[in-house]
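The structure under discussion appears below in the form of structure tokens.
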Amino acid sequence: MVLNMDHRYQYQHLTHGDVVAAAERVAGRVRPLVVAPGGDDRTWFALEFLQYTGTFKARGAINFIRSHQDSGTLPDAGVTIASGGNAGLACAWAAQAQGVRATVFLPANAPAVKVARLRAYDADVRLVGDEYAEALDACRKFAADTGALASHAYDHPLIAAGAGTLMEELHTLLPDLDTVVVSVGGGGLFTGVATAAHEHGVRVVAVEPENCRALNAALAAGEVVDVTVDSVAADALGARRVTPMALYAAQRYDVCSVLVPDTDIVRARRELWDDHRLAVEHAAATALAGLRAYRPAEGERAAVVLCGANTDPGDLVRPV
């Protein structure tokens, strides 16, 4: 990562050194990765949904805050983010864990359960407007007025590097791994994982829903482009554009881009429950659907990252 004179990040790519530094910061502050057999002796599941707050995003959030604490750049006003989803929860959790103030902006019509979960992490929840865009504008204004440190769901090198620590642990647990399969939204998790995987000689299969294909479209265009968003997994994978970091990693590392239809995602989520009793988000099931579409070669050892489980499992339980 490179900083310009006004201390804003100017970056096109992440380095393995960034991920290693993040691993040192988050050590002992996040739950260690757990892996489980995926049904045969060549496939494993990386159970990252067991992470604090239920998703991998806790890694990036704690790395983001710890890095600024270590460098003395964390303001008294704390951190702020506009998100009622997994990123907001991770930011609020990490702030509470590090004794930092967190201010989270949401639309006024946000579900009460999300507001309650954020407040359980001692976050100052601000309800503004009727749409996410209005909450985001208010968050930006708050940061400008108070000096609070603005965080992001995925578009920041510290967030991506934190996510990449997952791959460092996976390599330690499975040193002979050939391939890692990961779902892609805005690209934070993918960028971190791909950067670390390349260092360890592990291929990455980047999986997206057919109608949430920000990375796939960027690869086809040779640049970041806007895409339409329409998928059962859009709540977590519905970014309209991928980050430049993600495109850089996909272009330069051993990455295979795979698209899967919603029907396969739903089927994979059901399979994870019926066959393994794992209740995960559609975003996590997208990775398993991608493994099926990718079809590993004979003897290829692959791990599927099950990235989150903040989901209602009610539709998985069949009536007796």
Side-chain angles (χ1 to χ4, degrees), residues 1-33 46 48 51 55-74 79 87 90-91 94 97-98 149-182 184-206 215 218 224 242-255 303 305 307:
M1 294 180 291
V2 179
L3 286 171
N4 67 10
M5 293 305 292
D6 67 355
H7 304 292
R8 293 178 185 153
Y9 285 104
Q10 300 293 313
Y11 59 92
Q12 284 295 326
H13 70 279
L14 202 68
T15 70
H16 184 243
D18 297 328
V19 179
V20 170
E24 293 174 354
R25 292 190 198 100
V26 308
R29 295 182 172 88
V30 297
R31 288 175 177 157
L33 179 66
E48 184 61 5
Q51 189 53 258
T55 75
F56 72 94
K57 288 184 180 293
R59 294 176 179 270
I62 201 76
N63 185 52
F64 180 80
I65 291 175
R66 284 290 305 169
S67 177
H68 283 283
Q69 286 180 318
D70 291 347
S71 63
T73 55
L74 187 68
V79 296
C91 181
Q98 294 305 123
L149 182 65
S151 187
H152 195 277
Y154 54 85
D155 193 6
H156 195 285
L158 290 171
I159 298 295
T165 63
L166 182 159
M167 185 64 220
E168 290 295 288
E169 294 182 30
L170 183 59
H171 174 67
T172 299
L173 294 168
L174 302 172
D176 296 327
L177 192 67
D178 297 307
T179 303
V180 60
V181 186
V182 61
V184 184
L189 174 62
F190 164 76
T191 300
V193 167
T195 300
H198 176 72
E199 180 72 16
H200 300 303
V202 177
R203 189 179 198 191
V204 178
V205 177
L215 178 62
V224 173
V242 78
T243 69
M245 288 186 300
L247 177 58
Y248 179 96
Q251 289 173 327
R252 286 159 178 79
Y253 303 149
D254 188 14
V255 173
V305 177
C307 57

H200 side chain to V202 main-chain N or O, any donor-acceptor pair under 3.5 Å?
no
Can you name the one residue among R66, H68, H152 that meets side-chain contact (heavy atoms from CB on, under 4.5 Å) with L158?
H68
If I take atom OG1 from residue T165 and atom CD1 from residue I62, how far apart are they, to the nearest 0.5 angstrom?
11.0 Å
Any chance you could lay out the side chain to side chain contact (heavy atoms under 4.5 Å, CB included) test for L33 and E48, step after step, and finish with the verdict?
CA-CA 6 Å; L33 179 66; E48 184 61 5; 3.4 Å; yes
Nearest heavy atoms of A218 and V242, plus distance in Å
CB-CG1, 3.9 Å
State the CZ-CD distance between F64 and Q98, to the nearest 0.5 angstrom.
13.0 Å
Show me the donor-acceptor pairs within less than 3.5 Å that the side chains of residues 190-199 make with the rest of the protein, sequence neighbours left out.
residue : atom : partner : partner atom : Å
T191    : OG1  : G187    : O            : 2.6
T191    : OG1  : A246    : N            : 3.3
T195    : OG1  : T191    : O            : 2.7

One should read off an interatomic distance between S151 OG and I65 CD1, to the nearest 0.5 angstrom, of 7.0 Å
To the nearest 0.5 Å, what is the distance between CD on E24 and CG on N63?
10.5 Å
Please examine the side chains of E169 and T172, heavy atoms only from C-beta on, and report whether any two atoms are closer than 4.5 Å.
no
Identify whether the distance between the nearest side-chain nitrogen and carboxylate oxygen of R59 and E168 falls below 4.0 Å.
no
Of the non-hydrogen atoms in L170 and A46, which two are nearest, and what is the gap between them?
CD1-CB, 4.4 Å
Determine whether the side chains of S67 and D70 contain a donor N or O and an acceptor N or O closer than 3.5 Å.
no
Taking every heavy atom of Y253 against every heavy atom of L14, the minimum-distance pair comes out as OH-O, 4.0 Å
Using every non-hydrogen atom in the two residues, find where A303 and L174 come nearest and quote the distance to one decimal.
CB-CD1, 4.4 Å
Quick check: closest heavy atoms across A160 and M245, and the distance to 0.1 Å?
CB-CE, 4.0 Å
Inter-residue atom distance L149.CG - C91.SG, 0.5 Å rounding
8.5 Å
Shortest non-hydrogen pair, G188 vs A163, comes out as O-CB, 4.0 Å
So how far is it from F56 CZ to L189 CG, rounded to the nearest 0.5 Å?
4.5 Å
For R31, is there any backbone N or O sitting under 3.5 Å from a side-chain donor or acceptor partner on Q51?
yes
Answer yes or no: is there a side-chain heavy-atom contact under 4.5 Å between T15 and V20?
no
